[in-house]
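We name chains A, B, ... by the order of the sequence lines, and we start the count at 1 in each one.
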Amino acid sequence: MCSKSQRSVAFRFHRILRRTTNRPCFPRLRSSFDTAAFFPDRREGSKKEMECVFGLVGDGFALVAADTSAVHSILVHKSNEDKVMILDSHKLLGASGEAGDRVQFTEYIQKNVHLYEFRNGIPLATAAAANFTRGELALALRKNPYSVNILLAGYDKDVGASLYYIDYIATLHKVDKGAFGYGSYFALSMMDRHYHSGMSLEEAVDLVDKCIIEIRSRLVVAPPNFVIKIVDKDGAREYAWRESIKDAGVSAA
Amino acid sequence: MARYDRAITVFSPDGHLFQVEYALEAVRKGNAAVGVRGTDTVVLGVEKKSTPAPRLPIVSLDTHIALACAGLKADARVLINRARIECQSHRLTVEDPVTVEYITRYIAGLQQKYTQSGGVRPFGLSTLIVGFDPYTGVPALYQTDPSGTFSAWKANATGRNSNSMREFLEKNYKETSGQETVKLAIRTLLEVVESGGKNIEIAVVTKEHGLRQLDEAEIDAIVAEIEAEKAAAEAAKKAPSKDT
């Protein structure tokens, strides 16, 4: 008699929000006996990799930076697309990948994290949120996978700041620094050179700026603008934008 | 009559659904609950019974909506869970928080479903749902009952001794705001509950701060204020008659 529209995950005792919209399946190229397939060259290639997300853990805080361009083939839709979602009061979710999947999946995670908080009166821990996110990716992986890469940063009172690397095939790693996309080649190298644990906010932002300069100067179709968000004991919030192109307003002529 | 109350799916010849009426009985045996709507505040109050089991306190369904109930608490847990899921689901699909009326309609609809199905019994609880419209900021108070009907109220009571509380509200309700609304809710509850912070639970919902549970000390302070006002009113009544 209970509404069958609630999908309860088999081994879990609580119900989570069902994915309320039908995600498009990978199109006609699939043969009938494929339940899930990635098409490496066509879909997962250039589009997704041009998006850069990177982050690091400092002394009592974590930073996540992401580019802000929304691109479709050769067209830039907008250059102020915010890809770092504030998951709850003390968590950040930086995501890169297929645009539809990115928004759909991160909003789905966000609403479930909120639901947990309402049900239980306390917010999810960062590790729990990361594992939940990975679990959802893993569940969908062999059916209808999400092409989203995620850096989840959070602050817990007992653990401090933490950063989790979750990639589109549901890999989960707790890391001090991480990056996705072509920009990761440059960002990770810069961070390998300059990162040390317990960096102050100024040092960390300086390192992020170094990474952004590298990406801008060395990546062929480099995204012009970036957003930097921070999470610490005072919560998750936007820290700064790094813009080299402002979205065109009304034309001066 | 006995033949028509075995299952919910049977009407009696005179048009009653006995199971629903029995569910209303269960509500009448539940703890007292009152809701009062002010111009900028809505207040929910419940009676705290120390035995037998710890009661469900006033709960929040979303950042701007709170719920109190009277009746079977186990049923309440199920309804509240579904309502919370619906609040988030609504936000996910339409990117808007629910209005109080929407979530009330949802809960009432759920309660109604269980009055028209085989092998189930109705939820044995009435709920008082309060909150603010997320865009207009207008406060609202709604009540649902086991039959699945709902309506909006300026103030209402449910559960034990709800009739006395309702009578009191009919006599004493006036448009209030802020602390006055809280006082009115507490005065209503005090009609049927032993006074004291430990027997009453109050939650105040405001537009800025959302749901805030008052702690025992605050409630005791307000109760003391009310008693002082009562005493002063008594004294004022007595004094003129002494003069004559």
Colleague: Between A/R119 and B/N81, is any pair of side-chain heavy atoms under 4.5 Å apart?
Modeller: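 Of all side-chain heavy-atom pairs linking B/N81 with A/R119, at least one is under 4.5 Å.
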Colleague: Within the supplied structure, the quantity of interest is the number of heavy atoms (other residues, nucleotides, ligands) at a distance under 6.0 Å from B/K154 NZ; does it exceed 12?
Modeller: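 Not more than 12 within 6.0 Å, no.
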Colleague: Please say whether more than 12 non-hydrogen atoms of neighbouring residues, nucleotides or ligands are located less than 6.0 Å from CD in B/E21.
Modeller: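 Yes, the 6.0 Å shell around CD holds more than 12 heavy atoms from other groups.
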Colleague: Please report the interatomic distance CG(B/L92) to NE2(A/H114), rounded to the nearest 0.5 Å.
Modeller: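 That separation rounds to 11.5 Å.
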Colleague: Checking heavy atoms, do the side chain of B/L110, its backbone, both or neither come under 4.5 Å from chain A?
Modeller: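 Contact with chain A: none, neither part.
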Colleague: The criterion is ring pair (Phe, Tyr, Trp, His ring centres under 6.0 Å); which residues satisfy it with B/H16, sequence neighbours excluded?
Modeller: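 Once residues adjacent in sequence are excluded, the partners of B/H16 under the ring pair (Phe, Tyr, Trp, His ring centres under 6.0 Å) criterion are B/F18.
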Colleague: Nearest 0.5 Å, what's the CD-CD distance between B/Q88 and A/Q110?
Modeller: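 Going from CD on B/Q88 over to CD on A/Q110, the span is 8.5 Å.
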Colleague: Using the side-chain contact (heavy atoms from CB on, under 4.5 Å) rule, pick out the option among B/V59, B/I85, B/I80, B/T63 that qualifies with A/F118.
Modeller: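 By the side-chain contact (heavy atoms from CB on, under 4.5 Å) criterion, A/F118 pairs with just one of B/V59, B/I85, B/I80, B/T63: B/T63.
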